[in-house]
Amino acid sequence: ARVDYDGTASSLLVEPQRTNLITYSEDFSEWTTEGNIEVTDNSIISPDGVQNAAKLQLTGSSSGTDGKIGFSVSPSATTHTFSLFAKKGNHDYIYIWMSIVGGVNITRWINLDDGSINEGGGTATVTTTSFSNDWWKIEYTFDATDLSSIKLEVADDGASTGTGGDNIYVWGAQLEESSFPTSYIPTDGSTVTRVQDQYSKTGISNLINSEEGVLFVEMAALSDDSTNRMLSLYSSGNDKLTLFYKTASNSMTVQGFVGGGLQINRTIVLTDITEFSKIAIRYKTNDFAWYVDGIKITDDTSTNTWSADTLNKLSFDDGAGGNPLFAKVKQLQVFKTALTDTELATLTT
């Protein structure tokens, strides 16, 4: 199991398979230098707690093609996400280029003091996230058609210039074929693929009361990417209780199949599925209820449930391996009794 820690709390991390296309993610001396810049690897402690972050320092002014390091790439013509950890040295700004052949270069200035972004050219979704010890994680999502290289420059805000001696620190470069970033995949001379996370538990019918109970989870989607991502109490395709992020933006659905018949089918739209929510589903004959963050979303007094010992598997997918759940999960509990409305409101608040 892999864990994500946000500085205050941990959550189970469930991610899809991804490949880092940057073959030197930490050894920036392997990147190509373009005039008036010096790379010193292993200069300071990186976000992973090891002294393996690189210093980029100007040896003269940066202007035009000077003062950059670059890495050549040739990704497929689809949406990609580039991510990088950066920290200010005696200089506050990093200038990041996505060099596009025959098109508009995608460029942004990032203020490493406060994380603000100064728009440059091209279209991209760019975000910054603060990490400990003044590190920032910078994420670019963009159309990688005709992308030829990624360049990093020590430059002033809004201008491709800098002064000799200006320096910043970088670590953990990653390019993924995706519309959202995943956790860091280190590389050292070749691309590296991290396989999909998969979690399930079978043979637990004695831990599940199929006739009545509550499925409770506190989780956040990794992205609002319009795909089905499911969590299931399961026996077969004919018998299961499924909670899932749906194809529509910020949508969540509960479905319950009893003997092949659809007994429960409810959908809501949340403000942001990438933010953590506490979700509880009560199932009992003629007593279904669904709570999210302390609020009763819906109930139903005309539903059937399963016969004893029917449900015997908990799975981070549709129960049969499809539609895997990609999310961060802080809590997951299955209750053998149908909790009251008051208890569900308290549990999810």
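Just so it is clear, the structure is predicted and the values come from calculations on it, not from any experiment. Just so you know, residue 1 is the first one in the sequence shown, and it goes up from there.
- Remark: the Q51 side chain and the N42 side chain contain no N/O donor-acceptor pair separated by less than 3.5 Å.
- Classified by interplanar angle (parallel below 30°, tilted 30° to 60°, perpendicular above 60°), the ring pair H91/Y93 is perpendicular.
- Here the shortest heavy-atom pairing between L58 and G67 reads CD2-CA, 3.7 Å.
- Using a 4.0 Å cut-off between a side-chain N of Lys or Arg and a carboxylate O of Asp or Glu, K240 and D318 do not qualify as a salt bridge.
- Note on ring orientation: taking the six-membered ring where Trp is involved, the planes of F85 and Y184 are perpendicular (angle over 60°, cut-offs 30° and 60°).
- Here the CG-CD1 distance, from L84 to I94, works out to 5.5 Å after rounding to the nearest 0.5 Å.
- To the nearest 0.5 Å, atom OG1 of residue T348 and atom CD of residue E218 are 10.5 Å apart.
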Exercise. Could you walk me through whether L13 and V3 pass side chain to side chain contact (heavy atoms under 4.5 Å, CB included), step by step?
Key: CA-CA 5 Å; L13 186 60; V3 173; over 6 Å; no

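- P181 pairs with exactly one of T81, T129, L222 by the side-chain contact (heavy atoms from CB on, under 4.5 Å) rule, that one being T81.
- The CD1 atom of I281 lies 5.0 Å from the CG atom of L215; values are rounded to the nearest 0.5 Å.
- For the residue pair S83 and K137, the shortest heavy atom distance occurs at CB-CE, 3.9 Å.
- Between Y140 and A124 the shortest heavy-atom distance is CD2-CB, 4.4 Å.
- Closest approach of A54 to V39, counting heavy atoms only: CB-CG1, 4.4 Å.
- The environment of CG in L207 is crowded: more than 12 heavy-atom neighbours from other residues, nucleotides or ligands sit within 6.0 Å.
- For the pair S25 and N20, the tightest heavy-atom approach, listed with the atom from each and the gap, is CB-ND2, 3.9 Å.
- Relative to the ring axis of F180, R18 places its NZ or CZ within 45° and under 6.0 Å from the centre.
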Exercise. Kindly indicate, with the supporting measurements, whether the criterion side chain to side chain contact (heavy atoms under 4.5 Å, CB included) is fulfilled by K330 and F276.
Key: CA-CA 9 Å; K330 284 185 178 180; F276 279 97; 3.5 Å; yes

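- Note that OH of Y283 is 6.5 Å distant from CH2 of W306, once rounded to the nearest 0.5 Å.
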Exercise. Decide side chain to side chain contact (heavy atoms under 4.5 Å, CB included) for E26 and N52; before the verdict, give the C-alpha distance in whole Å, the side-chain angles of both, and the deciding distance to 0.1 Å.
Key: CA-CA 7 Å; E26 298 176 11; N52 57 359; 3.3 Å; yes

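- Separation of the F288 and W290 ring centroids does not fall under the 6.0 Å cut-off.
- Closest heavy-atom contact between V104 and G121: CG1-C, 4.2 Å.
- A cation-pi arrangement is not found for K88 relative to Y169, the charged atom failing to lie both closer than 6.0 Å to the ring centre and inside a 45° cone about the ring normal.
- Between D4 and the choices S11, S183, S10, the side-chain contact (heavy atoms from CB on, under 4.5 Å) rule is met once, by S11.
- Side-chain contact of T40 with S43: a donor-acceptor pair under 3.5 Å is absent, judged by distance alone.
- One side chain, T193 or T19, offers a donor N or O that lies under 3.5 Å from an acceptor on the other.
- Applying side chain to side chain donor-acceptor pair (under 3.5 Å) to T253 and the options T242, T247, T267 leaves one that passes, T267.
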